[in-house]
Amino acid sequence: NLLPTLTAQENILLPLAIAGRKPDKAWYDTVIDTVGLRDRLSHRPNQLSGGQQQRVALARALVNNPQVLLLDEPLGALDLKLRKQMQLELKRIQNDMGITFIHVTHDQEEAMTMADVIAVMNRGRIEQLGPPDELYERPRTSFVARFLGASNLLAGTVEDSTGVRLASGAVVRVADGLPTPGTRVAVGIRPEKLRLDAEGGVNRLSGTVAELSYVGVATQYIVDTTDGSLTVYVQNTEPGAHPVQPGAQVALSFGPDSAFVVEHTEEDEPT
């Protein structure tokens, strides 16, 4: 929301002008150099690229030297390439300025890329708060597991201290501490943690490949099992490798450390 009749510099200094304050020259120079606008200050918004306009808006907020900067969906209007670029730019700027950024986004990848700490919210309450790797590897609820990346959730009942019996009768072993035997839970496995063979994992599930999609860095498989349809990502590390075709019988495997356990919900029932 830059004023089109003002230059980039005038837009940046507008909050100070409204407040009747003069800019701190040293801090102003730091802001301008950090956002990389030194050679664009005399340009009006229509003479700037989308990324440069975002930098002007950011500098306009930073020039006040706030203790906390709130960014509400700041990259939503940008195209994919520019959004990726600005994610890295914002993270660099935050590190250079040393100001806390509270960044609101519905883009899970954006949150994972930029944040030191993520708060996943559901219906106005925080479901889980922590660093990105903790929320991804060890989500505490099925909502968090589904919200941050793809998750396979298998409904089951706690068998003992390390085992969960699935609807099919198979018992899978997990490393997480489990609640009282008989408790309904869901075992979660991220798609990249599943293998399309029966090697290298204590836990094994049989199924049939229903479909596959080539997504560049990986091939995505949908495998139908008696415990539900599971998504599997296989990294495309070897050019020309022949993917497993739909209809093929496969044995999925994963280790106890690759699984997490969350409270069971109706959404976790096999489909």
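Note that the numbering runs from 1 along the sequence shown for the chain. Atoms considered below: every heavy atom in the structure, side chains included; atoms not considered: hydrogens, waters and symmetry mates.
- Not one N or O on the side chain of W27 forms a donor-acceptor pair closer than 3.5 Å with the backbone of N64.
- Between the side chain of Q9 and the backbone N or O of S42, no donor-acceptor pair lies under 3.5 Å.
- Between P23 and L13, some side-chain heavy-atom pair lies under the 4.5 Å cut-off.
- Put simply, the side chain of T225 gets close to the backbone of D227: a donor and an acceptor are under 3.5 Å apart.
- Annotation: D133, atom CG; neighbour count of heavy atoms from other residues, nucleotides and ligands within 6.0 Å is above 12.
- Checked against R173 for a side chain to side chain donor-acceptor pair (under 3.5 Å), the options T162, D257, N203 give a single hit: T162.
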Is there a side-chain hydrogen bond (donor to acceptor under 3.5 Å, both in side chains) between D96 and T34? Walk through the geometry before answering.
CA-CA 7 Å; D96 290 348; T34 301; 5.3 Å; no

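- L154 is not connected to V171 by any chain of hydrophobic side-chain contacts under 4.5 Å among Ile, Leu, Val, Met, Phe, Trp and Tyr, and they are in different clusters.
- Summarising the geometry, atom CG belonging to L90 is positioned 10.5 Å from atom CD belonging to Q85; distances are rounded to the nearest 0.5 Å.
- Salt-bridge annotation for R83 and D79: absent, with no side-chain N of the basic residue lying under 4.0 Å from a carboxylate O of the acidic one.
- I12 and I99 fall within the same hydrophobic cluster, where Ile, Leu, Val, Met, Phe, Trp and Tyr residues are linked whenever their side-chain heavy atoms come under 4.5 Å apart, directly or through other members.
- A donor-acceptor distance shorter than 3.5 angstrom exists from the side chain of S151 to the backbone of A145, with no hydrogens or angles considered.
- Proximity of Q67 to T100: side-chain heavy atoms (C-beta onward) are nowhere separated by under 4.5 Å.
- Within the 3.5 Å criterion, the main-chain N or O of F147 finds a donor-acceptor partner in the side chain of Q108.
- Here the side chains of V35 and I93 are in contact, with some heavy-atom distance below 4.5 Å.
- Contact annotation: the side chain of L212 never approaches that of I222 to less than 4.5 Å [non-hydrogen atoms, C-beta and beyond].
- A side-chain donor-acceptor contact under 3.5 Å links Y221 to the backbone of V244.
- Under a 3.5 Å cut-off, the side chain of K193 and the backbone N or O of S258 do not form any donor-acceptor pair.
- Taking 4.5 Å as the limit, some side-chain heavy atom of V261 sits within range of a side-chain heavy atom of L178.
- In this structure, Q245 places its CD atom where more than 12 heavy-atom neighbours from other residues, nucleotides or ligands lie under 6.0 Å away.
- Between the CG atom in L3 and the CG atom in N1 there is a gap of 9.0 Å [rounded to 0.5 Å].
- Side chains of D224 and S229: a donor-acceptor N/O pair is present below 3.5 angstrom, by distance only.
- At a threshold of 4.5 Å between non-hydrogen side-chain atoms, the residues P191 and V232 do not count as touching.
- In terms of heavy-atom proximity, L82 sits nearest to G50 at CD2-C, 3.9 Å.
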What do the steps show when you test E110 against H103 for side-chain hydrogen bond (donor to acceptor under 3.5 Å, both in side chains), and what is the final call?
CA-CA 10 Å; E110 187 174 295; H103 186 118; 2.7 Å; yes

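- Using a 4.0 Å cut-off between charged nitrogen and carboxylate oxygen, E137 and R190 do not count as a salt-bridge pair.
- The shortest distance between side-chain heavy atoms of I102 and L71 does not fall below 4.5 Å.
- Going from atom CG of L230 over to atom CG of N152 covers 4.5 Å, rounded to the nearest 0.5 Å.
- For R195 and F254, the positive end is not near the middle of the six-membered ring at less than 6.0 Å and at most 45° from its axis.
- Contact check for L252 versus V250: side-chain heavy atoms found under the 4.5 Å cut-off.
- A donor-acceptor pair under 3.5 Å is absent between the side-chain atoms of D33 and the main chain of R38, judged by distance alone.
- Not one N or O on the side chain of Q128 forms a donor-acceptor pair closer than 3.5 Å with the backbone of V120.
- With respect to E89 and K91, no salt bridge is recorded, no charged nitrogen being found less than 4.0 Å from a carboxylate O.
- Put simply, the side chain of E159 never gets that close to the backbone of P181: no donor and acceptor are under 3.5 Å apart.
- Within the model, atoms CE of M121 and CD of E127 stand 10.0 Å from one another, a figure rounded to the nearest 0.5 Å.
- R140 has a carboxylate O that lies under 4.0 Å from a charged side-chain N of E134, or vice versa, which qualifies the two as a salt bridge.
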